[in-house]
There are 2 protein chains.
Amino acid sequence: MNLRDLQYVVSVADLGHFGRASAACNVSQPTLSGQILKLENELGVQVFERDGRTVRVTERGAAIVAHARRAVNAAADLIAAARASRDPLDGPIRLGVIATVGPYLTPYLLPAAARDLPKAPLLLVEDLTSHLLPLLSEGKLDAAVIATDPPSDRLESIDLYDEAFWLMTAPDDPLSRRKSARIADIDPTNLLLLADGHCLRDQALDLCGQPNLGGGASADMRAASLETLLHLVAAGFGVTLAPRMAVDTWDVNGGRLRAVPLEGKDVTRRVRLVFRRDMPRRAAVEELARTIRGAAPPCVSASPPQATP
Amino acid sequence: MNLRDLQYVVSVADLGHFGRASAACNVSQPTLSGQILKLENELGVQVFERDGRTVRVTERGAAIVAHARRAVNAAADLIAAARASRDPLDGPIRLGVIATVGPYLTPYLLPAAARDLPKAPLLLVEDLTSHLLPLLSEGKLDAAVIATDPPSDRLESIDLYDEAFWLMTAPDDPLSRRKSARIADIDPTNLLLLADGHCLRDQALDLCGQPNLGGGASADMRAASLETLLHLVAAGFGVTLAPRMAVDTWDVNGGRLRAVPLEGKDVTRRVRLVFRRDMPRRAAVEELARTIRGAAPPCVSASPPQATP
DNA sequence: CGGGGGCGATAGGAATAGCCAATCGCGTCC
DNA sequence: GGACGCGATTGGCTATTCCTATCGCCCCCG
């Protein structure tokens with residue numbers, strides 16, 4: 001048995017296709033087929049069920065694939081640890097960012113990271129929190145920027161900054177004249193929300209105290225991205241809550257939107273950097289956290305220096 | 001990089017000696033040396049520090065050894081899972097037993113296990129709880145019989161039986177005439193205890209409400225085994241608490257000891273089978289638990305059928 | 001119904017990696 | 001100062017792994 005064989009098994013299990021798996025592993029298809037077959041013979045267990053068209057993991061093979069994955073991940077961590085022990089700040093960092101942070105943070109982050117982490121290019125992945133966290137656990141990401149409570153278990157987090165929510169309205173909205181507003185001023189039936197899965201949607205619902213809002217026209221208006229949402233607001237379909245960093249870009253852009261700060265210190269979200277607890281390159285992640293904290297614009301306030309669960 | 005190489009690394013780290021490690025891995029010493037050297041070159045990290053006499057893991061190597069261990073364990077689990085998926089009850093079970101249970105349970109257990117688990121010979125290891133639990137976590141044991149609260153974390157447990165403590169005295173002790181006794185009847189300064197580390201010692205102290213007894217002659221009498229302890233009691237040095245199953249052997253043996261049951265339903269210990277949560281051969285462990293519950297003599301009462309944390 | 005294409009298995013030969021026995025170099029200990 | 005213990009080195013063999021080319025199978029489509 002060989003680590004490479006296990007890599008083959010994981011790859012076939014993931015892709016469900018010997019040919020594509022072999023390409024992913026940079027070997028020929030016969031090689032991969034042969035090694036899988038050899039392993040199945042060694043173990044006396046058929047891991048995959050091939051019936052001409054599709055490849056599936058057998059019931060008995062599932063446990064084997066799981067253990068193979070563990071072994072492969074451990075080996076990958078070992079290599080990462082070796083590189084990290086030479087220079088933790090050397091080598092790419094795969095960073096996930098949630099969709100309501102990514103577009104606004106990235107322009108500040110990239111130059112700062114290029115300066116602070118010259119040998120660690122950032123490979124950015126933008127997705128929902130619920131997609132990023134599994135990728136972290138599987139070792140497919142080194143760290144992720146999220147805005148929900150830090151998940152406990154095998155993940156750890158560093159607080160980055162607190163970001164206020166502002167009320168975004170069309171220019172002709174009555175609220176747009178105000179210097180500031182309160183949550184209570186918002187008409188829930190007029191509140192536009194992001195699609196399911198975005199933490200910003202849940203936070204807006206939570207702030208407005210309506211876990212099951214879902215009435216009126218807004219129910220049909222679940223924007224797939226914050227940009228779309230703000231376009232809807234500008235077009236007069238309603239109002240929404242936007243994170244502070246999204247305000248600047250839009251407020252300036254031709255005045256099609258108005259941004260009104262909200263009163264109350266709880267009208268914020270805390271943005272955190274999360275990573276796997278036994279990540280080999282902790283030093284790189286910590287440096288990245290420092291970089292983000294330093295690079296974030298003054299409109300968001302850095303969180304207390306350290307806070308990990 | 002190869003799983004075998006990682007096995008070599010783990011072995012050298014554990015044994016601190018290339019020659020012994022090579023023997024443990026069933027390869028020649030030059031082979032092992034060569035592979036370790038090759039791996040260190042590949043990784044660009046010196047994992048071991050050799051200075052003629054001793055071999056130590058370097059600071060930078062520690063993380064690498066840890067990851068290597070993870071990978072090796074995962075691979076071992078994979079093989080175990082493969083065998084288990086053919087027949088979970090096939091293959092040896094490495095069973096740890098605490099010292100105050102082992103000598104008395106084993107005679108009942110072995111025949112029953114040979115009947116219920118004919119293809120799973122038991123490899124018994126007798127040691128202190130604090131030694132058995134790490135062995136479980138490291139995958140060097142499949143299960144262990146302990147008598148303390150089930151450790152949470154990555155271990156799981158099945159309740160086996162509740163075992164009463166009896167008061168053991170010399171024949172000429174005043175208490176030996178009684179049909180039963182209470183804890184309060186025991187003179188703490190007269191109580192003999194096992195050496196540190198035995199859970200029975202802690203439980204006896206706990207029951208007698210004296211976490212820091214340690215006075216009088218008994219302070220110098222910390223027996224290394226329950227057998228030694230009972231010999232001391234028979235020789236008139238004091239009294240002790242013994243688990244119920246230890247009573248039978250001694251009470252019969254020539255009347256050199258008296259056993260007095262203790263009143264109160266809390267004067268018991270619960271004996272459990274613990275095992276790693278992601279153990280591949282759960283079915284074998286569960287069958288082993290059933291076997292032990294069935295084989296335990298009537299003097300101990302089987303715990304409620306199922307209880308896992 | 002019969003050819004084309006996609007997919008995994010098979011065959012044979014070449015490159016590579018791992019292994020062993022023998023030996024070396026270096027320290028330590030008697 | 002010689003014997004010994006330990007890890008590193010060398011040279012040659014073997015087993016594994018890999019590749020290209022090809023086969024057999026099944027599905028699809030004309």
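Each chain gets a letter, A, B and so on, in the order the sequences are listed, and its residues count up from 1. Source: prediction; values computed, not measured.
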### Message
Could you check whether B:Gln29 and B:Ser33, counting side-chain N and O atoms only, form a donor-acceptor pair closer than 3.5 Å?
### Response
yes

Below the 4.0 Å mark, does [N] have OP1 or OP2 next to a side-chain nitrogen or oxygen of [X]?
X       : N      : value
B:Ser33 : D:dG7  : no
A:Lys38 : D:dT17 : yes
B:Arg4  : C:dC19 : yes

### NZ/NE/NH1/NH2 to OD/OE distance under 4.0 Å, B:Asp5 and B:Lys38
yes

#### Entry: Residues B:Arg83, A:Glu42: salt bridge by 4.0 Å N-O rule
no

For the pair made of [atom1] in [X] and [atom2] in [N], what is the distance, rounded to whole Å?
X       : N      : atom1 : atom2 : result
A:Asn41 : C:dA9  : CG    : P     : 11 Å
B:Glu40 : D:dT9  : CD    : P     : 11 Å
A:Tyr8  : C:dG8  : OH    : C1'   : 16 Å
B:His17 : D:dA8  : NE2   : P     : 12 Å
A:Leu32 : D:dT20 : CG    : P     : 14 Å
A:Leu39 : D:dT16 : CG    : P     : 14 Å
B:Arg50 : D:dT9  : CZ    : C1'   : 13 Å
B:Phe18 : C:dG25 : CZ    : P     : 20 Å

### Query
Base, sugar-phosphate, or nothing: which does B:Gln29 touch, judged by heavy atoms less than 4.0 Å apart?
base

### Message
By the 4.0 Å heavy-atom rule, please label A:Phe48 as base, sugar-phosphate, or nothing.
### Response
nothing

## Note on the structure
By nearest-nucleotide position on DNA chain C, the 5'-leaning member of B:Pro30 and B:Gln35 is B:Gln35

Any idea which of [options] is nearest the [X] side chain?
X       : options               : value
B:Asn2  : C:dG18, C:dG8, D:dA8  : C:dG18
B:Thr31 : D:dC6, C:dC19, D:dT9  : C:dC19
A:Leu37 : C:dT10, D:dA8, D:dC18 : C:dT10

### Query
Ignoring hydrogens and geometry, is there a side-chain-to-backbone donor-acceptor pair from A:Gln46 to A:Phe48 under 3.5 Å?
yes

### Query
Taking B:Arg277 for the side chain and B:Leu155 for the main chain, is one N or O donor matched with an acceptor at less than 3.5 Å?
yes

## Note on the structure
Residue pair B:Arg20/A:Val27 against DNA chain D: nearer the 5' end by closest nucleotide is B:Arg20

